[in-house]
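The model shown is predicted, which means the values in this text are computed figures rather than measured ones. Atoms within each ligand, like the ligands themselves, are counted from 1 in listed order. Atoms considered below: every heavy atom in the structure, side chains included; atoms not considered: hydrogens, waters and symmetry mates.
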Amino acid sequence: MNVIIRPERPEDAAAIHDITRRAFAPMAYADGNEQDLIDRFRDAGALAISLVAERDGAVVGQASFTEAFAADGSPGWYALGPVAVEPGLQKQHIGSKLIEAGIAELRARDAAGCVLTGDPAYYRRFGFRPYPDLCPEGQPAAYYQILPLRVSAPDSVVCFHPLFQDPAE
Ligand SMILES: CC(C)(COP(=O)(O)OP(=O)(O)OC[C@H]1O[C@@H](n2cnc3c(N)ncnc32)[C@H](O)[C@@H]1OP(=O)(O)O)[C@@H](O)C(=O)NCCC(=O)NCCS
């Protein structure tokens, strides 16, 4: 399958919103607001990296990276998520391409590392490992994972961008 990975453009926002909504809709663990989260990041200038997968001129997937914050103040942390692929095109390595390209961009920025909450069975292939002892309060420890990049392991809890907190909650 011929898929290009590239940074998002302003005209991609509606397709990203739609794919994310439909990809997360059947997921029991989804909040149902993942598509709104991306819009909120973008509107606040907090979408540090947004990569889309394009196939035949159409957006078919997207990965968001935002800045994350180490409790000890060490710089260069990022969080991955949401990531979504067009439901009919999943399990064809589009998600992997998006995540690998995002990690390559983090390395190019000399990032300390990347955190996420997600299924370890999926994310371990990219080098993410669970760090339950460093899980921020309120996050599910079994799903909290870290990919150390510039550093070998974090020295403190790394928290997600405050915009992850839904203002309606
Ligand atoms: C999760 C998601 C982004 C993965 O994208 P994708 O393009 O379907 O995944 P890939 O094809 O790159 O997956 C690579 C491998 O992981 C496997 N895989 C995919 N999802 C998996 C999961 N949840 N758990 C374990 N393995 C998984 C694939 O079967 C594939 O295996 P293979 O290498 O043996 O062929 C996509 O399935 C999706 O949009 N899901 C709905 C939204 C969602 O749950 N997002 C993530 C929230 S944490």
Residue, atom and distance of the protein heavy atom nearest atom 38 (C) of ligand 1 read Gln90 NE2, 3.4 Å

Any side-chain heavy-atom pair of Ile146 and Pro154 under 4.5 Å:
yes

Worksheet item: Is there a nitrogen or oxygen of His93 sitting under 3.5 Å from a nitrogen or oxygen of ligand 1?
Response: yes

Any atom of ligand 1 sitting under 4.0 Å from a heavy atom of Glu34?
no

min-distance protein heavy atom vs atom 12 (O) of ligand 1 -> Ser96 OG, 2.5 Å

| query | Between Phe24 and ligand 1, does any nitrogen or oxygen pair lie at a separation below 3.5 Å? | reply | no

Rounded to the nearest 0.5 angstrom, the CZ-CG distance for Phe160 and Leu116 is 6.5 Å

Next on the checklist: I'd like to check Tyr78 versus Thr66 (side-chain heavy atoms, cut-off strictly below 4.5 Å). Are they in contact?
Outcome noted: no

The protein heavy atom nearest to atom 31 (O) of ligand 1 is Arg125 NH1, 3.7 Å

Review point. From atom 2 (C) of ligand 1, is the closest protein heavy-atom distance below 4.0 Å?
Key: no

Checking heavy atoms under 4.0 Å, the part of Lys91 that sits near ligand 1 is both

The protein heavy atom nearest to atom 41 (C) of ligand 1 is Ala23 O, 3.3 Å

Start with the C-alpha distance between Ile5 and Val52, add both sets of side-chain angles, then the distance that settles side chain to side chain contact (heavy atoms under 4.5 Å, CB included), and finish with yes or no. CA-CA 6 Å; Ile5 307 297; Val52 298; over 6 Å; no

Closest heavy-atom approach to atom 24 (N) of ligand 1 among Asp119, Val83, Thr20, Leu98 is made by Asp119

Q: List the steps, then state whether side chain to side chain donor-acceptor pair (under 3.5 Å) holds for Thr117 with Gln145.
A: CA-CA 6 Å; Thr117 55; Gln145 293 157 76; over 6 Å; no

Measuring from non-hydrogen atoms of Tyr123 to any atom of ligand 1, is the shortest distance under 4.0 Å? yes

Lys/Arg N to Asp/Glu carboxylate O, Glu86 vs Arg22, below 4.0 Å
yes

Are any of the side-chain nitrogens in Arg40 or Asp43 under 4.0 Å away from the carboxylate oxygens of its partner?
no

closest protein heavy atom to atom 7 (O) of ligand 1 is Gly95 N, 2.7 Å

Exercise for review: Give me the ring orientation class for Tyr122 and Phe126: parallel if the planes are under 30° apart, tilted from 30 to 60°, perpendicular past 60°.
Suggested key: perpendicular

| Mind checking whether Thr117 has an N or O less than 3.5 Å away from an N or O of ligand 1? | no

- Val85 to ligand 1: N or O pair under 3.5 Å? yes

Self-check item: Charged N-O contact under 4.0 Å between Arg124 and Asp119
Solution: no

Nearest heavy atom to atom 22 (C) of ligand 1, choosing from Tyr122, Phe126, Tyr29, belongs to Tyr122

